[in-house]
Number of protein chains: 2
Amino acid sequence: MKKNSPTIRDVAAAAGVSVATVSKYMNGAQRFSAPVEAKLKAAIEELGYRSNPLARSMITGRTRTIGLTVLDISNPHFTNVVKGANRVALRHDYTLLLVDTDENQARERPLIEALAQRVDGLIVSSRMSDDESHWMLDLGKPLVLMRRSEHLPIPSVGIDNRLATYMLARHLLNLGHRQIAYLGFGQARINDERIRGARECLEEAGLTLDVYDAHAPTAHAGEHACSRVMLGPRRPQAVMCYNDLIALGFMKEAASLGLKLPQDVSVTGVDNVPFGEYASPALTTVDIQSEKMGELAMQKLIDALAGHADIGHTMFDPRLMVRESTAACR
Amino acid sequence: MKKNSPTIRDVAAAAGVSVATVSKYMNGAQRFSAPVEAKLKAAIEELGYRSNPLARSMITGRTRTIGLTVLDISNPHFTNVVKGANRVALRHDYTLLLVDTDENQARERPLIEALAQRVDGLIVSSRMSDDESHWMLDLGKPLVLMRRSEHLPIPSVGIDNRLATYMLARHLLNLGHRQIAYLGFGQARINDERIRGARECLEEAGLTLDVYDAHAPTAHAGEHACSRVMLGPRRPQAVMCYNDLIALGFMKEAASLGLKLPQDVSVTGVDNVPFGEYASPALTTVDIQSEKMGELAMQKLIDALAGHADIGHTMFDPRLMVRESTAACR
DNA sequence: ATGAAAGCGCTAACAG
DNA sequence: CTGTTAGCGCTTTCAT
């Protein structure tokens, strides 16, 4: 198992050339005379030489590695982000260093700071507000944020959360719903934007939004919150959930409670996780293009690494995906 | 954005000590006189010094990074593996270098070889057979395989695939089913083991297994295969799927075809992905403890790194999760 | 308890 | 085209 791998010097000796020549050969930096090239090739093959990326990185200052932090890899939204980012990284010969902060706000900073030292750049998904994120500027590494950063000179990608829930609310309104509730996740920074979008839409129709809160952005939390929402004094005709996971849990529990979906209550999510389509009823949601977001974030970072600075926010358009979990209000 | 981070020499100069002293201090290698310690602390704080892990790794030969390759991070099974592995890694102060081979058999080897150079050890999930995997022994790094490796001196973790499908088949038999089909994924090495388990069980009852094949281990492929299985000449009373994703897709399409689940056909999966529980009907499956598998794989690797060699296979027990997608045969 | 010096494996000028 | 020579930032003997 343990092998002292050959160094560039071993190759140089075996091929009868200098280490500089070997180095240049390895990097395909220039052309060589036939005999030298032949000897080089033979020696490398013979010794099974592979250049040490660490040593190389130390000099070049580049690791060809990109760090990506997600809040929870179990959430299919982030899984898709990783998928997209990874695809672009691979294409540009970068590798992904993944860090899952596990929804642990306190760990975020130290984890990210440690990560920053081992990579050429980072894509960060964080629960911190812009004000709390200033230290990121001192990381000394190019950065892309996975959300809008209004007050930070950091490129970012995200979606229009306000519009997403506005669209959802409009859809419910069109179906005739008047009693609409929002089951949010207060700890997410974007929760407020989503509430605002829904409120704006409802207020235009002279309606108000009942807001509830789930304790986590998970299906389990959605299940947990269901009875509180549906068996309380203000039973809604439709429930907009913070994300698909919560919506899925909510729907399951609603069924357990004896409610018929979507007849008794319409439910919506946000994210368009792959599984929403396979739930029954299939979940009406808003596609936020998670995979594309990951791709673009990575592309921006790689561009930045290549010197093409692009300090700007790219906002993906949310797209309403009407499926079976929403129906006309009886 | 760009900052020349201070080096150990800057700190040494600022504190009026030698670099060796700073190094020892950073590594908590020994105790220091009060004045020196105070100056060190001040200088480090002042300059915001953080030691360069690359330079350190070059000397120590250790990166405190573990490489993990998965076939497809979109598959919740692997997501859970990552989750478990990451948790243990973090606890031991290691970081995860994730590589998604994207079900691309050809890319596996180069990707893994490249990965091996940047990490202290690897956890590998691969489609290659033992015979095709001998090159892994020459990686020069501790390795843990995510499946049984009969003929390779490499520690591994996995589950008893034969038993998993045996249990499932027995369950279906108990429910009175006699016409049982298996919708597999032929490209997976473990597909054969799963077929064998189901066959053994059925043969004990004098029955045979109809085998079909999905073109991918995904929900989409399950959907695609459904009509072929259900509308063919040998319509089964129950269908055992290679994994939960295929099963979920299969169920959705079956519903579209006008079949009532589980009355018209019982369906089972394997993996116990989180969403199976939220499908309707909830999916009967076999839990393979994906997260625990990730945890143990990482633990084994870290043990190996610490010198505690453990060349052996650990097999997790599959656990039947009976839910609503299976019912007594009419 | 502290420091001087020798590299780790490689690249990047600069010569030739 | 090929070789010489400095280091990258840090750890590690080995002295003091």
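Order of the sequence lines fixes the chain letters, A, B, ..., with proteins taken first and strands second; residue numbering starts at 1 for each chain.
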Would you say Ser33(B) reaches dT2(C)'s phosphate, i.e. side-chain N/O to OP1/OP2 under 4.0 Å?
-> yes
Considering only heavy side-chain atoms of Ala20(A), the closest of dT11(C), dG3(C), dA12(C) is dA12(C)
Asn27(A), nearest nucleotide to its side chain (from dT11(C), dA1(C), dC8(C)) = dT11(C)
Minimum-distance nucleotide (side-chain atoms of Ile59(A) versus dA12(C), dT11(D), dG3(C)) = dA12(C)
To the nearest Å, give me how far apart CD (Gln117(A)) and P (dC10(D)) are.
-> 9 Å
Which part of the nucleic acid, if any, lies within reach of Val22(A) when heavy atoms closer than 4.0 Å are counted: base, sugar-phosphate only, or nothing?
-> nothing
Distance below 4.0 Å between Tyr49(B) side-chain N/O and dC10(D) OP1 or OP2 = yes
salt_bridge(Arg31(A), Glu37(A)) N-O dist < 4.0 Å = no
Rounding to 0.5 Å, atoms NZ (Lys141(A)) and CG (Leu115(A)) come to a distance of 9.0 Å
Identify whether any heavy atom of Arg31(A) sits under 4.0 Å from a base atom; if not, whether one sits that close to sugar-phosphate; answer base, sugar-phosphate or nothing.
-> sugar-phosphate
Report yes if the side chains of Leu90(B) and Arg107(A) come closer than 4.5 Å at any heavy-atom pair, otherwise no.
-> yes
Which part of the nucleic acid, if any, lies within contact of Ser51(A), taking any heavy atom under 4.0 Å across all strands shown: a base, the sugar-phosphate backbone alone, or nothing?
-> sugar-phosphate
N/O (side chain, Ser23(A)) to phosphate O (OP1/OP2, dC10(C)) under 4.0 Å = no
Taking the side chain of Lys24(A) as its heavy atoms from C-beta onward, which of dG3(C), dC14(C), dC8(C) lies nearest to it?
-> dC14(C)
Regarding the side chain of Ser18(B), the nearest nucleotide among dC10(C), dG3(C), dC10(D) is dG3(C)
Phosphate OP1/OP2 of dT11(C): any Thr60(A) side-chain N/O under 4.0 Å | no
Pairing of Glu45(B) and Lys41(B) as salt bridge, 4.0 angstrom limit | no
By nearest-heavy-atom nucleotide on DNA chain D, the more 5' of Val36(A) and Val19(A) is Val36(A)
Between P of dT11(C) and CE of Met58(B), the distance in whole Å = 11 Å
Would you say a side-chain N or O of Arg56(A) is under 4.0 Å from OP1 or OP2 of dC8(D)?
-> no
Trace of the salt bridge (Lys or Arg N to Asp or Glu O under 4.0 Å) decision for Asp130(A) with Arg148(A) = CA-CA 9 Å; Asp130(A) 282 359; Arg148(A) 164 169 231 125; over 6 Å; no
Out of dC10(C), dC10(D), dG3(D), which nucleotide sits closest to the side chain of Ala55(B)?
-> dC10(D)
